[in-house]
Amino acid sequence: MKYTCILLFLLVAACGQGGKQKEVPKTKVQKTEMVHEKVDNLETDNKPTKLSSALRPDEPVFLNLTYTDTLEFSDYEDDFDYWYLKVRKNGAKVSLIYNWDWRNNQDYNFRQGDLIAVQWKMDSIVNPGDEAIVHIEEVAITAKKIASGNKPITFLSRETVYDEGIKAEVSSMVINASFCENISNPEKAALGFVAYDIGNECEGGYDSEGNENVLWCRIGSALDLGHQCSDRQLSFLRKWFAKDTVALKKLESCPTMPNTATIQTTFNEILIQNNEAEKTITVSYKVTGINTRDSKSWDWSQIDVFEYNAENIVLVDSKKSDVSEDKINMNPDAVENIDPQNFVLALKDHILNEWKEQDNFDTLKITFANNVLNIKGNDGFTLSNYDFNEMVINGTNDPQTIYLTITNEGGGAGGNVLLEETFSLTVLDAENFDIKKEGKPN
């Protein structure tokens with residue numbers, strides 16, 4: 001079962017349900033990366049504290065010692081209590097806490113792919129309001145660009161986030177904020193032109209004068225082009241494409257595509273590469289579309305090449321892939337349209353119901369947190385410990401029946417053992433399931 005989050009986002013916006021019907025592959029329900037917490041009991045004598053860091057995986061690092069590494073810049077992430085500098089080291093993704101104003105200091109306004117020399121150290125960090133817990137993290141002291149990146153820059157990507165409104169995970173657009181801070185006008189024109197007639201999470205709202213019935217789109221807003229079809233957007237694009245008669249023809253009519261439309265498209269990815277020596281900009285992008293009325297979806301990719309100078313830009317080449325089409329299942333009770341967390345909660349309840357049949361159930365200590373079900377006896381020993389984050393889902397020939405395999409670590413005072421237990425789950429509807437244990441545990 002493949003949970004196509006992008007389609008889910010589109011379908012939820014359009015009609016409340018949806019997703020591609022796919023064979024159920026072997027996949028984990030949820031993968032959680034926890035921050036390792038350390039109580040503030042670090043050694044205070046002269047013995048250095050050895051730590052580990054993804055920046056230097058083959059050697060120990062020490063608390064509060066300064067290191068310098070050459071890293072590949074990815075992005076800034078400023079949505080948390082601490083700001084994070086996102087980089088790559090030998091292909092591995094690493095985040096460091098930083099504290100400089102890159103928006104107003106061009107020395108720190110890096111572009112994706114730039115090689116930067118970063119001075120950093122391992123330092124103790126506490127979260128506001130929770131000073132009792134100390135985290136040990138990489139902290140950037142300063143950074144300096146040493147070479148420009150020669151790779152395409154990711155302007156738009158997607159990440160899966162939990163939508164509290166619909167109680168489900170959806171795929172949401174992520175726009176490269178640091179790139180937008182120092183974007184050139186030709187780059188803005190190329191991206192604005194590409195996004196002109198493709199949906200990009202457009203929602204209805206008000207203009208600057210309080211008038212309603214305007215459409216605010218993610219890309220247009222990120223590029224500071226105003227709402228869709230605004231004078232600001234159209235005048236900017238027509239000025240820069242003044243020498244391109246084909247582009248001007250396209251700009252004569254302005255499409256509006258809210259994210260609630262029956263037929264709509266959206267971007268999965270946008271890459272941009274500016275060859276300043278040849279004065280060309282290449283925009284590569286992937287698009288998904290859906291038609292909820294006909295239960296269809298389609299995908300294609302495209303590469304547009306622009307030539308530019310100080311005043312104008314012209315589309316000189318465009319290559320579009322073949323369009324692949326697929327049927328989408330609009331049934332909200334279909335397996336692929338159900339939040340996997342529903343399976344977790346249903347299986348947890350099923351396991352507890354089995355335990356309730358035992359005479360000593362009232363004396364057991366049961367906890368369920370972070371998708372881990374722990375059952376202890378009155379002597380304090382763990383009888384069963386199910387980590388649903390490691391649960392594996394397998395499909396069957398029956399599209400409404402799946403197999404759930406989960407590891408149970410338990411055994412009591414005699415020593416814990418690991419057992420794999422498999423359950424069959426037949427979907428009755430999106431919230432009700434028939435669950436049976438399959439055979440004996442291995």
Side-chain angles (χ1 to χ4, degrees), residues 4-15 18 75 79 112 152-161 163 165-166 169-181 183 187-207 213-234 236-237 240-241 247 250-251 253-273 281-292 297-304 306 315 318 320-321 323:
T4 311
C5 295
I6 297 170
L7 283 174
L8 177 60
F9 175 82
L10 289 172
L11 292 168
V12 166
C15 64
D75 201 359
D79 299 329
Q112 187 178 51
I153 295 172
T154 301
F155 170 74
L156 181 147
S157 59
R158 284 189 169 273
E159 68 178 18
T160 300
V161 298
D163 189 310
I166 61 174
E169 289 187 337
V170 297
S171 178
S172 180
M173 289 181 178
V174 178
I175 293 177
N176 190 331
S178 58
F179 175 79
C180 292
E181 286 292 329
I183 189 172
E187 291 168 334
K188 182 187 292 190
L191 290 168
F193 183 79
V194 166
Y196 184 70
D197 56 356
I198 296 177
N200 50 102
E201 297 184 7
C202 302
E203 297 183 354
Y206 299 87
D207 61 16
N213 298 325
V214 301
L215 206 59
W216 289 96
C217 301
R218 286 286 304 281
I219 294 178
S221 297
L223 297 176
D224 194 27
L225 293 178
H227 61 79
Q228 180 72 356
C229 306
S230 66
D231 291 340
R232 182 181 183 85
Q233 177 195 35
L234 294 174
F236 178 84
L237 292 177
W240 277 94
F241 284 94
K250 176 181 175 178
L251 297 173
S253 59
C254 185
T256 54
M257 190 183 302
N259 59 10
T260 55
T262 301
I263 302 174
Q264 57 179 292
T265 55
T266 189
F267 290 100
N268 301 337
E269 179 185 71
I270 300 178
L271 306 178
I272 182 169
Q273 187 170 19
I281 294 173
T282 302
V283 181
S284 307
Y285 49 100
K286 299 176 182 178
V287 178
T288 291
I290 63 164
N291 183 331
T292 56
S297 70
W298 58 94
D299 300 272
W300 83 86
S301 60
Q302 191 162 327
I303 300 175
D304 291 343
F306 303 85
L315 177 64
S318 184
K320 183 177 180 179
S321 71
V323 178

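These figures come from a predicted structure and were not determined experimentally.
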Q228 meets the side-chain hydrogen bond (donor to acceptor under 3.5 Å, both in side chains) criterion, sequence neighbours left out, with Q233
Taken in chain and number order and not counting sequence neighbours, the residues that satisfy side-chain contact (heavy atoms from CB on, under 4.5 Å) with M257 are Q264, T265
Answer whether the closest heavy-atom distance between the side chains of L315 and K250 falls below 4.5 Å.
no
**Q.** Working for side-chain contact (heavy atoms from CB on, under 4.5 Å), residues F155 and L223
**A.** CA-CA 11 Å; F155 170 74; L223 297 176; 4.1 Å; yes
CZ of F306 to CG of L191, rounded to nearest 0.5 Å, is 8.0 Å
| query | Going through the distances and angles, do V194 and I219 end up as a side-chain contact (heavy atoms from CB on, under 4.5 Å)? | reply | CA-CA 10 Å; V194 166; I219 294 178; over 6 Å; no
The side-chain hydrogen bond (donor to acceptor under 3.5 Å, both in side chains) partners of Y196 (sequence neighbours excluded) come to none
Residues at least two apart in sequence or cross-chain that pass side-chain contact (heavy atoms from CB on, under 4.5 Å) with V214, listed by chain then number, are D207, W216, H227
#### Entry: Any side-chain heavy-atom pair of T256 and C202 under 4.5 Å
no
Smallest heavy-atom separation, C180 atom then I175 atom, equals SG-CG2, 3.9 Å
Practice task
Give the C-alpha distance, both sets of side-chain angles, the deciding distance and a yes or no for side-chain contact (heavy atoms from CB on, under 4.5 Å) between E201 and S221.
Solution key: CA-CA 11 Å; E201 297 184 7; S221 297; over 6 Å; no
Practice task
Using a 4.5 Å cut-off on heavy atoms from C-beta on, say whether the side chain of D224 contacts that of R232.
Solution key: yes
Here the gap from D75 atom CG to I153 atom CD1, rounded to the nearest 0.5 Å, amounts to 10.5 Å
Between L237 and A189 the two heavy atoms that sit nearest each other are CD2-O, 3.8 Å
Notebook entry, point to check: Side chains of T262 and N291: does their closest heavy-atom pair fall under 4.5 Å?
Noted result: yes
* Hey, is the main chain of R158 close enough, under 3.5 Å, to the side chain of S171 for a donor-acceptor pair? -> no
To the nearest 0.5 Å, atom CE of M173 lies from atom CZ of F267 at 7.0 Å
Distance col, row N200:CG vs T266:OG1, nearest 0.5 angstrom, shows 7.0 Å
Here the gap from I272 atom CD1 to Q112 atom CD, rounded to the nearest 0.5 Å, amounts to 11.5 Å
- Check whether the side chains of N176 and S178 place a donor and an acceptor atom closer than 3.5 Å, and report yes or no. yes
Residues 172-181 vs salt bridge (Lys or Arg N to Asp or Glu O under 4.0 Å), sequence neighbours excluded, gives R103-E181
Worksheet item: Ignoring hydrogens and geometry, is there a side-chain-to-backbone donor-acceptor pair from N259 to E203 under 3.5 Å?
Response: no
Residue set satisfying ring pair (Phe, Tyr, Trp, His ring centres under 6.0 Å) with F193, at least two apart, ordered chain then number -> F241
Those residues at least two apart in sequence (or on a different chain) that pass side-chain hydrogen bond (donor to acceptor under 3.5 Å, both in side chains) with D304 are Y285, Q302, S318
State, with a plain yes or no, whether a side-chain heavy atom of S230 is found less than 4.5 Å away from one of L225.
no
Contacts of E269 meeting side-chain contact (heavy atoms from CB on, under 4.5 Å) (sequence neighbours excluded), chain-then-number -> L271, K286
Sorted by chain and residue number, the salt bridge (charged side-chain N to carboxylate O under 4.0 Å, His left out) partners of K320 (sequence neighbours excluded) come out as none
T282 meets the side-chain hydrogen bond (donor to acceptor under 3.5 Å, both in side chains) criterion, sequence neighbours left out, with none
